[in-house]
Amino acid sequence: MGPGRSHDRRPPRLRPDRRLGRQAPSGVDHVIVVTHRPAPEGWDPEAPFHFVDGIETAVAKAQELAGDRLVEVAAGDVGGQALAAGLVDEVRMDVVPVVMGSGKRYFGSVHAQHLLEDPDVVIQGNRVLHLRYRVRR
């Protein structure tokens with residue numbers, strides 16, 4: 001969702017509302033929490049988590065924090081909302097040889113078809129296939 005990543009700072013990341021600590025996950029500077037609840041009582045304002053109430057607000061805040069770096073959006077319901085809103089430029093996924101009997105949809109409950117281009121990056125790893133697709137507009 002933006003220009004190339006700078007290697008000296010980590011990108012902001014969008015994630016759904018869930019129990020959070022006082023530190024961002026490894027590999028990111030900021031986490032945008034999409035929720036309809038306020039920040040927890042007594043929340044440390046210096047913690048790298050930003051609470052917003054919608055996907056458009058989340059992406060705008062992430063882009064503001066990212067500057068010229070990439071914004072990464074997690075899969076699941078939040079990723080599906082961003083894809084449905086036309087806020088996703090590319091999809092990256094890693095395929096591993098594990099068959100699950102059940103699970104969650106990669107993009108949550110997406111109600112319309114969203115086409116991807118053929119993969120423009122395919123990297124064969126050790127028991128993993130890394131793929132990158134541009135979102136078709």
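Numbering starts at 1 and runs along the sequence shown.
Qualifying side-chain hydrogen bond (donor to acceptor under 3.5 Å, both in side chains) partners for Arg127, counting only residues two or more places apart in sequence or in other chains: none. Legend: residues meeting side-chain hydrogen bond (donor to acceptor under 3.5 Å, both in side chains) with His130, ordered by chain and number and at least two apart, are Asp94. For Asp120, the salt bridge (charged side-chain N to carboxylate O under 4.0 Å, His left out) test picks out Arg132, with sequence neighbours left out. Take Glu117 and apply the salt bridge (charged side-chain N to carboxylate O under 4.0 Å, His left out) test, not counting sequence neighbours, and it matches Arg136. For Ala60, the side-chain contact (heavy atoms from CB on, under 4.5 Å) test picks out no residue, with sequence neighbours left out. Annotation: side-chain contact (heavy atoms from CB on, under 4.5 Å) contacts of Leu116 (sequence neighbours excluded): Val91, Tyr133, Val135. Annotation: side-chain contact (heavy atoms from CB on, under 4.5 Å) contacts of Asp118 (sequence neighbours excluded): none.
For the residue pair Ala62 and Val71, the shortest heavy atom distance occurs at CB-CG1, 3.6 Å. The shortest heavy-atom contact between Gly79 and Val73 is CA-CG1, 3.7 Å. Between Val110 and Gly80, the shortest heavy-atom distance links the atoms CG2-CA, 3.8 Å.
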Check the pair Tyr106, Met93 against side-chain contact (heavy atoms from CB on, under 4.5 Å), reporting the backbone distance first and the verdict last.
CA-CA 10 Å; Tyr106 194 72; Met93 63 180 72; 3.4 Å; yes
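Each of Leu83, Ile55, Ile32 was checked for a side chain to side chain contact (heavy atoms under 4.5 Å, CB included) with Val78, and the lone residue meeting it is Ile55.
When hydrophobic residues (I, L, V, M, F, W, Y) are linked wherever their side-chain heavy atoms come within less than 4.5 Å, the members clustered with Val96 are Val98, Met100, Val128.
Counting heavy atoms from C-beta outward, Arg134 and Val88 have side chains that stay 4.5 Å or more apart. The shortest distance between side-chain heavy atoms of Arg92 and Leu131 does not fall below 4.5 Å. Inter-residue side-chain proximity for Pro40 and Phe51 is flagged as met; some heavy-atom pair is nearer than 4.5 Å. Using a 4.5 Å heavy-atom threshold, the side chains of Leu129 and Val122 count as touching.
For the atom pair CZ of Phe107 and CG of Asp77, the computed distance is 11.5 Å after rounding to the nearest 0.5 Å. Once rounded to the nearest 0.5 Å, the distance linking NE2 of His36 with CG of Asp53 reads 7.0 Å. Taken from CD in Gln63 to CZ in Arg69, the straight-line distance is 12.0 Å, to the nearest 0.5 Å.
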